[in-house]
**Q** 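Mind having a look at this structure? Questions to follow.
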Amino acid sequence: MSNVAELPTEDTITLIINRKKVESVTYVFKNKDGNKIGEYLNKTPATLSSQSNVARQFKQIVNSKGDINPKIVNNQFAEVKQLLQLHYENELSVIEQEIADKKQADQEKDSVKLKEAITKLQSLERPLIYIGSIVEWFTAGERNNILYAFTVSGQVVLGSPVSVICLGEASSGKSHIQETALRLIPNHYIVNEKKITEAALFNRAKKDEYFYDGKIVNYGDMGGINDHDFMEESKNLMKELQSDGFLNKPLSIPDGEGGWDVRDLKLKGRPCLTYTTIPNHNFEEQEMSRSIFITPRMDNKEIFNLRNTALEFKHGKSYKILKHYEKEAELVPYMLLHLKEVFENIVIINPYVYFVINFLKDSAFYKRDFDKFNGILKTITALNYYNHEVYDIDGKKVILTNIADVQEFMSLLKPYKESISANLSPKAVEVLNDIRNNIEDWRMKKDREVLDMGITTNEYFSLQNLGLSKA
C-alpha cells in the first residue's frame with residue numbers, strides 16, 4: 001500500500017489523511033501480524049518532532065529494551081518520516097486531483113442549473129407566487145409561513161439579511177418551516193453553527209474577517225434554556241456584528257502548550273441568525289429589532305393527514321408530482337444567485353414608501369421596523385426583476401418598485417399585521433383573537449361575573465380552540 005511505511009521490526013505505520021483538513025493526519029501502528037497497537041492524531045510527517053506521540057510510539061517499538069543508541073533510533077525515525085512524507089505528498093496529490101475533478105463537475109452542473117434558473121425566472125410573471133406553488137407541495141398548510149421566512153432570508157440578494165426565529169412547542173413543525181425555507185436559499189449564504197464557542201468564532205475570523213458577511217447563521221434547534229445559556233456569548237457577539245457591522249473583542253485562546261494567549265477577535269460584515277426555540281423564551285430588544293418571528297399553525301391537522309395519506313402511495317400520481325416540484329425547487333437558489341449578481345450594479349427605489357408607513361402605523365416600534373419591512377418589499381421587487389424596466393439615473397442603473405410588488409407584499413404580510421403592530425408573536429395574536437372571538441360563548445358556559453373580571457390560564461386551556469398544551 002502506498003500509505004504504509006514498514007519499520008525495521010516488520011511492524012508498520014499506516015498514514016490516513018483527513019480529507020476535510022489535509023494537514024491533520026492519523027498514524028496507525030500495526031504489528032507484523034496486522035493487529036493495531038497504537039493510533040495517533042498529529043500533523044504532517046515532515047512536522048513531527050522527536051518528542052511527538054508518533055515518535056514515542058516508534059521508539060517504544062524499535063527500542064523496547066532501550067539498548068540501541070538514541071542517535072541511531074532518531075536517525076531511523078527521520079528516515080521513516082521521509083518515507084511517510086513521500087506517501088503523504090503522493091496521497092495528497094490524489095486527493096487534490098479528486099477535489100479538483102469534483103469541483104469542475106460541480107461547476108459544470110451549476111452552470112447548467114444557473115442557465116435553467118435564469119430562463120425560468122425570465123418566463124415567470126410573478127416568481128413569488130410560482131415559488132409558493134412549489135412550497136405547497138412540501139408542506140401541509142404552512143405555505144405562507146415558509147414564503148415569509150424565504151422572502152426575509154432572501155434579502156441576502158440585497159446584502160441586508162434579517163434574522164428569522166421560529167417559535168413553537170415540541171413537534172409543532174417549526175423546524176420544518178425553517179428547513180423548507182433554507183432549502184430555497186443558496187448554500188453559499190448559509191453557515192450551520194451548532195454549539196459554537198467564542199474560540200471557534202476566533203478561528204473563523206483568523207481565516208477571513210468577512211466570513212459571516214451577508215450570511216444566514218443557522219443555530220438549528222435551541223429548544224431549551226441550556227441551549228441558550230451555552231450559546232449566549234457567541235450569540236451576543238453575532239448580534240453585535242449584525243447591528244454594528246464590525247466586532248473587535250479580546251479573547252483568551254489556548255496557545256497549544258497548556259497556556260492561554262490573548263488575541264483580538266476581529267469580524268466585519270452584517271450576518272443574520274436563524275433558529276427555532278420554545279414560545280416562552282425571553283428575547284432582548286436588540287434581537288427583536290433585527291428579527292421576524294414565525295409560529296407554526298396548529299389548525300392544519302386534517303390537511304397534514306390528507307397529505308401524508310396521498311404521498312404514502314409511492315410512485316403514485318401525487319408522489320410523482322411532488323418529485324417534479326422537488327426538481328423545480330432546485331432552481332430557486334440559482335435564481336437568487338443570479339439576482340445577487342444582477343443587483344451588484346442596480347439600485348431599487350421604492351416610490352410606494354407610504355404603503356410601508358401605513359402598514360406599520362400602529363406599531364409601537366415603527367422606527368425599528370421600517371427598514372426591515374421596506375427591505376422585504378424591495379426583495380419582492382428584486383424577485384420580479386424581469387418584469388421591471390431598468391432606468392439610467394445620473395449614471396446609475398435603477399428599477400422602481402411597482403404596485404404589483406406592493407400587492408404581493410401586502411398579501412404576504414396580511415396574516416402577520418396584528419402581531420407586527422402589537423409586537424407579539426403570531427401565536428400570541430392567535431390566542432388573543434381566540435379569546436376575542438369566543439369570549440361571549442364561553443361566558444354562556446361559565447359564571448359571567450368571573451369571566452367579566454378576565455380569564456385565567458387554566459380556564460383558557462380548558463376552553464381554547466387552538467389545540468395548545470401547557471408545556
Side-chain angles (χ1 to χ4, degrees), residues 18-21 98-121 127-128 130-131 134-135 137-139 146-166 174-196 200-201 203-205 207-222 234 238 241-242 267 269-276 294 323 325-344 379 382-383:
N18 184 336
R19 287 173 172 259
K20 293 183 179 179
K21 189 179 180 183
E98 289 175 358
I99 292 171
D101 291 344
K102 185 179 184 303
K103 186 176 181 181
Q104 183 177 352
D106 288 344
Q107 286 175 342
E108 290 172 358
K109 180 183 175 182
D110 286 348
S111 179
V112 171
K113 287 280 189 184
L114 185 60
K115 288 177 183 176
E116 286 182 40
I118 294 171
T119 301
K120 187 70 178 180
L121 188 61
L128 192 59
Y130 162 76
I131 294 168
I134 293 176
V135 164
W137 279 92
F138 301 156
T139 187
I146 293 168
L147 272 187
Y148 186 23
F150 163 74
T151 308
V152 173
S153 300
Q155 290 192 59
V156 295
V157 170
L158 304 177
S160 55
V162 172
S163 295
V164 177
I165 299 170
C166 295
K174 56 187 183 292
S175 293
H176 165 72
I177 293 170
Q178 181 200 48
E179 290 164 6
T180 306
L182 289 179
R183 73 186 287 185
L184 303 172
I185 304 295
N187 287 332
H188 173 73
Y189 294 106
I190 300 170
V191 180
N192 295 309
E193 300 280 37
K194 189 68 176 172
K195 304 288 187 184
I196 189 170
L201 280 177
N203 284 331
R204 301 283 201 221
K207 294 177 181 178
D208 181 8
E209 287 185 352
Y210 288 90
F211 179 83
Y212 292 105
D213 186 28
K215 301 292 178 65
I216 300 165
V217 182
N218 178 19
Y219 282 164
D221 183 20
M222 295 179 64
S234 60
M238 200 61 66
L241 181 61
Q242 183 182 10
L267 285 168
R270 292 187 186 274
C272 69
L273 300 176
T274 186
Y275 60 87
T276 63
I294 294 175
K323 292 301 173 183
Y325 280 114
E326 284 179 348
K327 287 288 185 185
E328 291 281 299
E330 290 176 4
L331 297 180
V332 177
Y334 290 92
M335 292 179 184
L336 295 187
L337 282 173
H338 169 61
L339 291 172
K340 174 72 173 175
E341 185 177 356
V342 167
F343 283 95
E344 291 291 338
T379 302
L383 286 169

**Q** Which pairs would a plain distance check flag for residues 178-191, meaning a side-chain donor or acceptor within less than 3.5 Å of a matching protein atom at least two apart in sequence or in another chain?
**A**
residue : atom : partner : partner atom : Å
Q178    : NE2  : N218    : OD1          : 3.1
Q178    : NE2  : T274    : OG1          : 3.3
T180    : OG1  : H176    : O            : 2.7

**Q** When rounded to the nearest 0.5 angstrom, what is the spacing between CZ in R19 and CD in E98?
**A**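 Nearest 0.5 Å value for the CZ-CD distance: 4.5 Å.
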**Q** What side-chain donor-acceptor pairs closer than 3.5 Å can you find for residues 150-158, not counting sequence neighbours?
**A**
residue : atom : partner : partner atom : Å
T151    : OG1  : L147    : O            : 2.7
S153    : OG   : A149    : O            : 2.9

**Q** Measure the NZ-CD distance between K323 and E326 for me, rounded to the nearest 0.5 Å.
**A** 4.0 Å
**Q** Starting at CD1 of I177, measure out to OG1 of T139 and round the result to the nearest 0.5 Å.
**A** 7.0 Å
**Q** Does CD in E330 sit with more than 12 non-hydrogen atoms of other residues, nucleotides or ligands closer than 6.0 Å?
**A** yes
**Q** For Y325, enumerate each residue passing the side chain to side chain contact (heavy atoms under 4.5 Å, CB included) test, keeping only those at least two apart in sequence or located in another chain.
**A**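 I134, W137, I321, E328.
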**Q** Taking only residues two or more places apart in sequence, or in another chain, which ones meet S163 in a side chain to side chain contact (heavy atoms under 4.5 Å, CB included)?
**A** Q242, C272, L273, S291
**Q** Working to the nearest 0.5 angstrom, can you tell me the gap between L336 CG and F343 CZ?
**A**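 Taking CG in L336 and CZ in F343, the distance rounds to 11.0 Å.
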**Q** Taking side-chain hydrogen bond (donor to acceptor under 3.5 Å, both in side chains) as the definition, give me every residue that meets it alongside D110, ordered by chain and number, with sequence neighbours left out.
**A**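 So D110 forms a side-chain hydrogen bond (donor to acceptor under 3.5 Å, both in side chains) with Y334.
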**Q** Can you find a heavy atom in the side chain of D213 that is under 4.5 Å from one in the side chain of L267?
**A**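 Not in contact.
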**Q** In the structure I gave you, are the side-chain heavy atoms of Y275 and D221 within less than 4.5 Å of one another anywhere?
**A** no
**Q** What residues, two or more places apart in sequence or in another chain, satisfy salt bridge (charged side-chain N to carboxylate O under 4.0 Å, His left out) together with K115?
**A** none
